> 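Here it is, the structure, as structure tokens.
Just so we're clear, the structure is a prediction, and the values are computed from it rather than from any experiment.
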Amino acid sequence: MARKKRKEIFLENIEVLRAGAKGISIGKTDEGKTVLIQDAVPGDLVNVSVFKKKSSYMEGKAVEILRPSPHRVTPRCIHFGVCGGCKWQNLSYDAQLKFKQDEVENNLLRIGKFENLEITPILGSPEEYYYRNKLEFTFSNSRWLTLDEIRNTDETYDRNALGFHIPGQWSKVLDIKECHLQKEPMNAIRLEARRFANENGYDFFDLRNQDGFLRTLMIRSNQKGEFMVLVQFFREETEKREAFLENLKSKFPEIVSLLYAINPKGNDSIYDLDIQTYSGQDFIMEEMEDLQFKIGPKSFYQTNPAQAYELYKITRDFAGLKGDETVYDLYTGTGTIAQFVSKKAKKVVGVEAVQEAIDAANENALRNGIDNCTFYCGDMKDIFTDEFITQNGHPDVIITDPPRDGMHKNVVETILKIHPERVVYVSCNSATQARDLELMKSHYEIKKVQPVDMFPQTHHVENVVLLERIH
């Protein structure tokens with residue numbers, strides 16, 4: 001039996017009222033039903049084609065802009081709208097900051113149920129573009145084609161690509177001509193890698209059939225303008241691999257760390273790969289005040305280092321350290337925050353679940369001559385025992401910087417049980433942060449809130465909250 005074709009729903013004259021989660025904008029129908037709208041910005045008046053209808057809301061895409069928003073600007077990138085990385089490039093930076101501030105305030109009010117909070121204006125990034133220190137690109141023999149290319153059946157197109165995955169299309173890769181997120185020679189390195197591979201007949205990876213020679217290209221940089229490049233090959237073909245790497249080495253003296261890995265696995269993750277050094281060293285160094293951090297190919301480091309420095313200064317300021325405190329740094333990663341505040345504390349205890357990160361934290365502390373930081377590897381919800389507190393001392397201040405999911409409820413309960421004088425909560429997701437803060441409001445009062453924009457042209461926002469114990 002033939003399936004009944006679903007009737008298309010078309011909404012006219014929808015005013016886009018505000019920004020929603022994940023770069024989606026929000027409007028309402030005349031009947032008051034919420035509409036989640038792609039490809040629109042707050043202030044637009046649009047016609048919308050609906051592709052999902054629920055009882056309480058609809059989802060759709062703006063197909064015609066009847067009246068552009070005063071916040072709308074011309075995107076800088078030729079790939080905008082397809083790439084999916086910088087979803088807010090069509091929104092002025094002032095407007096981006098306003099909507100990020102609104103998101104933090106709305107989450108604290110709606111999820112955390114905090115009213116009449118004094119929230120400091122968001123700290124914008126001085127660099128609106130070229131702020132990232134790491135990008136990863138995929139080699140693919142199945143380039144994403146434009147509608148014009150698909151319709152033009154008379155032409156034969158080069159299907160090789162070196163770029164980003166199309167959102168929701170894991171096997172399709174957009175061939176990137178120019179990206180505005182990382183400083184040069186990032187674009188030049190990527191374009192040269194693609195040129196050399198194409199001209200020498202190298203196989204770009206087939207994501208569906210899991211075959212090919214070239215898999216991925218990762219480019220990292222530090223604030224001194226030094227670059228690390230890591231190339232993943234699907235199989236070892238020594239002569240071809242060395243020719244490819246030698247070409248990059250000879251063309252770009254900025255590459256001080258040229259690495260490679262042979263990866264025959266079903267995924268591109270590097271954490272279980274054996275990374276080899278082709279030339280230079282197997283790391284680059286980053287500096288923050290008088291601290292140095294060694295960054296390897298598997299290391300986590302904040303991707304906007306200049307703004308990370310501002311975030312850490314706010315965190316240290318909120319901690320209000322006098323020099324005699326014991327500080328716990330939860331989800332410490334490679335110990336950057338722990339070491340950053342260590343000069344102002346008597347003792348810092350960092351906890352992190354990833355052993356490689358703890359190894360890097362210990363190595364960096366040794367390099368920086370820091371002897372009052374102790375790092376432990378373990379699951380946060382399991383490691384907090386009475387024995388652990390007895391061994392390391394009762395914390396006066398807890399700094400916590402969890403992943404997007406927020407803190408496990410057991411961790412929240414332990415913080416309430418330990419009951420330190422102050423808690424500084426750094427978050428990359430103000431929704432889960434507000435959820436956790438609501439659980440703590442019987443024991444703590446919010447004293448300061450400072451949003452920080454780490455990722456211009458995207459909807460992401462960091463937020464730092466100072467909690468003080470209610471006596």
> Going by an N to O cut-off under 4.0 Å, is there a salt bridge joining Lys347 and Asp396?
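Asp396 and Lys347: not salt-bridged.
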> Tell me whether Glu363 is salt-bridged to Arg367, with the criterion being a basic N under 4.0 Å from an acidic carboxylate O.
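Yes, this pair counts.
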> Give a yes or no on this: more than 12 heavy atoms of other residues, nucleotides or ligands lie within 6.0 Å of atom CZ of Arg469.
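Yes, because the 6.0 Å sphere around CZ of Arg469 holds more than 12 heavy atoms from other groups.
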> Nearest 0.5 Å please: distance from the OH atom of Tyr328 over to the NE2 atom of His394.
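Answer for the OH-NE2 pair, Tyr328 versus His394, is 8.0 Å.
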> Once rounded to the nearest 0.5 Å, what's the spacing between atom CD1 of Ile119 and atom CG of Leu108?
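Interatomic distance, Ile119 CD1 to Leu108 CG, rounded to 0.5 Å: 5.0 Å.
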> What do you reckon, is NZ of Lys441 surrounded by more than 12 foreign heavy atoms closer than 6.0 Å?
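Enclosed: over 12 neighbouring heavy atoms sit under 6.0 Å from NZ of Lys441.
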> Considering only heavy atoms from C-beta outward, does the side chain of Ile176 approach that of Leu162 to under 4.5 Å?
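No. Closest side-chain heavy atoms not under 4.5 Å.
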> Quick one: are Tyr131 and Thr303 in side-chain contact, heavy atoms under 4.5 Å?
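No, side chains not in contact.
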> Start with the C-alpha gap between Lys100 and Val104, add the side-chain angles, then the distance that decides, and say whether side chain to side chain contact (heavy atoms under 4.5 Å, CB included) holds.
CA-CA 6 Å; Lys100 292 183 185 195; Val104 170; over 6 Å; no
> Within 45 degrees of the axis of the six-membered ring of Phe139 and under 6.0 Å from its centre: does Arg215 put its NZ or CZ there?
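No - Arg215 does not lie over the ring of Phe139 by the 6.0 Å and 45° rule.
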> Around atom CG of Asp30, are there more than 12 heavy atoms of other residues, nucleotides or ligands at under 6.0 Å?
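Atom CG in Asp30 is not crowded, with 12 or fewer foreign heavy atoms closer than 6.0 Å.
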> Any carboxylate oxygen within less than 4.0 angstrom of a Lys/Arg side-chain nitrogen, looking at Glu115 and Lys113?
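Not counted as a salt bridge, because no side-chain N and carboxylate O are separated by less than 4.0 Å.
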> Examine His459 together with Phe99 and report whether their ring centres are nearer than 6.0 Å.
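No: the rings miss the under 6.0 Å criterion.
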> Indicate the ring-plane relationship of Tyr130 and His180, choosing parallel, tilted or perpendicular according to the 30° and 60° boundaries.
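Judged by the thresholds at 30° and 60°, the geometry between Tyr130 and His180 is tilted.
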> Please determine whether a side-chain nitrogen of the Lys or Arg among Lys98 and Asp94 lies less than 4.0 Å from a carboxylate oxygen of the Asp or Glu.
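Judged by the 4.0 Å cut-off on N to carboxylate O distance, Lys98 and Asp94 do not form a salt bridge.
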> Ring-plane angle category for Tyr301 and Phe293, please: parallel below 30°, perpendicular beyond 60°, tilted otherwise.
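Tilted, since the angle between the ring planes falls between 30° and 60°.
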> So, Asp272 and Lys265, do they make that salt bridge, N to O below 4.0 Å?
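The answer is yes: the pair qualifies as a salt bridge.
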> Give a yes or no on whether the backbone of Leu91 and the side-chain of Gln96 come within a donor-acceptor separation of less than 3.5 Å.
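Here the side-chain-to-backbone pair exists.
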> Go through the steps to decide whether Ile189 and Phe227 satisfy the test side chain to side chain contact (heavy atoms under 4.5 Å, CB included), and finish with yes or no.
CA-CA 10 Å; Ile189 292 170; Phe227 280 73; 4.3 Å; yes
> Does the side chain of Ile166 reach to within under 4.5 Å of the side chain of Val173, using non-hydrogen atoms?
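They are not in side-chain contact.
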> State whether Arg110 and Glu105 are salt-bridged, where the test is any N-O pair (Lys NZ or Arg NE/NH1/NH2 against Asp/Glu carboxylate O) under 4.0 Å.
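A salt bridge is absent here (no side-chain N lies under 4.0 Å from a carboxylate O).
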> For His79 and Phe164: C-alpha separation, side-chain torsions, deciding distance, then whether ring-ring contact (aromatic ring centres under 6.0 Å, His included) applies.
CA-CA 10 Å; His79 302 297; Phe164 298 129; 8.5 Å; no
> Listed by chain and number, what are the side-chain contact (heavy atoms from CB on, under 4.5 Å) partners of Ser69, not counting sequence neighbours?
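side-chain contact (heavy atoms from CB on, under 4.5 Å) check on Ser69 returns Val41, Asp44, His71, Arg72.
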> Any ion pair linking Asp379 and Lys381 (charged N to carboxylate O, less than 4.0 Å)?
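Salt bridge: yes.
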